[in-house]
Amino acid sequence: MDTAALHIRQILGSCANVEQWFVLEDVAQVHLTPYIAYEVQPRLKLTRPEKEVKVLSREGSAYLDFQVGRSEILPGFRRNPQELAKINKVLSQVKNDKDFEISALYITGYASPEGSWQSNDRLSYERAQSLQRYIRDRFRIPGPLISVKNVPEDWERLVQMVNQGEMSGKYQVLDIIETVSDPDVREARLRALNGGTPFRYMLSEMFPSLRRVEYKVEFTVKEYSLEESEAIMQKNPEQLNHYELSLLYDNYPEGSPEQEKISDLILRMYAEDGVANSNAAARLLQQGEVEQARRYIGKTKDVPQAYNTLGVYYMMAEETDKAEEYFNRALQAIGEDVPYTREDIEHNLEELRKKREDINTRTRYERKL
């Protein structure tokens with residue numbers, strides 16, 4: 001009846017000069033109600049992340065002082081007590097935590113550009129080796145877990161420092177670094193520039209920060225029970241992986257502050273993860289928040305677990321062709337590791353059919369208006 005119309009006519013006739021009125025009485029009243037769009041009732045399922053080995057890392061830089069031309073670490077020499085204390089603190093925290101197991105240690109030695117490339121190559125590597133021996137002996141880390149490499153002269157970092165600072169001959173320095181390929185010739189050109197003023201400035205203000213050893217320790221974290229996860233969540237939530245966080249999320253009442261906190265944490269820790277973004281979009285769609293869900297949809301389009309969610313999003317956004325495309329892709333993915341069933345997709349396809357009919361109805365009304 002969406003195209004029905006009521007027409008009332010008054011007929012005036014004349015017979016023997018007598019006017020007669022024909023009036024329709026007791027006409028049934030017609031009550032017109034405003035158009036209300038059909039609200040789809042989609043089926044949405046959250047995806048449980050796969051179990052994974054939790055690998056975390058700690059990293060830092062040590063600006064160790066060495067005697068001229070030497071590579072042996074002297075723990076009491078100049079700034080070394082403070083620098084070694086930083087390394088000791090990081091490694092002690094990892095080594096002494098029963099929940100952690102060291103899986104890899106990476107050490108990179110760097111040198112500044114003064115002196116020959118060959119000499120700096122040897123010196124930077126030997127100093128990195130010295131830190132390896134110090135750590136291995138002090139913390140009893142097996143040698144095969146430790147990887148050592150070196151950067152003979154850290155020109156890349158020097159360019160960053162020159163660009164960020166203000167110094168005499170700044171752009172001439174950058175031009176020499178960029179255009180002179182041989183590092184020893186490059187150093188000689190810099191020493192000669194403007195009577196050596198820029199080089200002496202870099203030597204005192206920049207080169208000390210280039211002489212360093214960087215370290216990164218990777219470690220695996222034990223798998224926590226639900227009860228343990230609740231305690232860890234209060235202290236060190238980054239030690240929980242996606243799977244453990246999802247179990248913890250399900251343990252709280254729907255819409256509770258705890259669920260919201262965990263959801264925010266998941267999106268911070270797994271900002272680029274397709275499953276995390278798909279689940280975030282599904283939660284918003286369940287609340288009817290289509291526009292808010294849009295920001296997560298873009299990171300889910302190649303994730304089979306998200307095909308149903310994508311279909312629901314486009315259906316609610318009234319992009320029906322795209323919705324049908326993703327529902328069909330979801331049907332093809334049945335049998336893979338996806339959270340939805342064939343019945344879920346068939347239900348959503350029926351909702352899509354109703355939505356299309358509703359859109360057509362609305363279009364006819366709009367044409368008449």
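The first residue of the sequence shown is numbered 1, and numbering continues consecutively from there.
With E325 contributing its side chain and D321 its backbone, the two residues share no donor-acceptor pair below 3.5 Å. S256 places no side-chain N or O within donor-acceptor distance of the main-chain N or O of Y252, the cut-off being under 3.5 Å. Between the side chain of N328 and the main chain of E324, a donor-acceptor pair closer than 3.5 Å is present. Not a single donor-acceptor pair under 3.5 Å links the side chain of E83 to the backbone N or O of L64. Judged purely by atom type and a 3.5 angstrom limit, N80 has no side-chain atom pairing as donor or acceptor with the backbone of G76. One N or O on the side chain of T361 and one on the backbone of E357 form a donor-acceptor pair closer than 3.5 Å. Side chain of D99 to main chain of V221: no donor-acceptor pair is present (N/O by atom type, distance under 3.5 Å, no hydrogens or angles). Listed for the Q259 side chain is a donor-acceptor partner under 3.5 Å among the backbone atoms of Y249.
A side-chain hydrogen bond (donor to acceptor under 3.5 Å, both in side chains) check over residues 197-208, counting only residues at least two apart or in different chains, returns the pairs T197-R200. Legend: ring-ring contact (aromatic ring centres under 6.0 Å, His included) pairs involving residues 259-295, not counting sequence neighbours, sorted by first then second residue: H242-Y270. Applying the side-chain hydrogen bond (donor to acceptor under 3.5 Å, both in side chains) rule to pairs touching residues 158-180 yields R157-Q160, Q172-N194, sequence neighbours excluded. For residues 102-115, the set of pairs meeting the side-chain hydrogen bond (donor to acceptor under 3.5 Å, both in side chains) definition, not counting sequence neighbours, comprises Y110-E214, S112-E114, S112-R211, E114-R211.
Under the rule for a ring pair (Phe, Tyr, Trp, His ring centres under 6.0 Å), Y134 has no partner lying at least two apart in sequence or in another chain. Y224 meets the ring pair (Phe, Tyr, Trp, His ring centres under 6.0 Å) test with no other residue; sequence neighbours excluded.
Between M316 and L285, the closest side-chain pair of non-hydrogen atoms falls below 4.5 Å. Residues Y215 and R58 fail the side-chain proximity criterion, which asks for heavy atoms closer than 4.5 Å.
Donor-acceptor pairing under 3.5 Å is recorded for the side chains of Y307 and R329. In the model, D344 has no side-chain atom that pairs as donor or acceptor with a side-chain atom of N308 under 3.5 Å. With hydrogens and angles left out, the side-chain atoms of R127 and S130 include no donor and acceptor closer than 3.5 Å.
For the pair R43 and E346, the salt-bridge criterion is not met [side-chain N within less than 4.0 Å of a carboxylate O]. Comment: E126 engages R122 in a salt bridge, judged by a side-chain N to carboxylate O separation of less than 4.0 angstrom. With respect to the salt-bridge test (charged N to carboxylate O, under 4.0 angstrom), the residues E351 and K354 qualify. One finds a salt bridge joining R48 and D250 here, because a Lys/Arg side-chain nitrogen approaches an Asp/Glu carboxylate oxygen to under 4.0 Å. The existence of a salt bridge linking E244 and K54 is confirmed by a sub-4.0 Å separation between a basic side-chain nitrogen and an acidic carboxylate oxygen.
Ring pair F207/F199 is perpendicular by interplanar angle, where above 60° counts as perpendicular and below 30° as parallel.
Between Q332 and E336, the shortest heavy-atom contact is O-OE2, 4.4 Å. Counting all heavy atoms, side chain and backbone alike, N120 lies closest to G115 at ND2-O, 3.6 Å.
Both L145 and V148 are assigned to one and the same hydrophobic cluster, defined by single-linkage of ILVMFWY side chains at heavy-atom distances under 4.5 Å.
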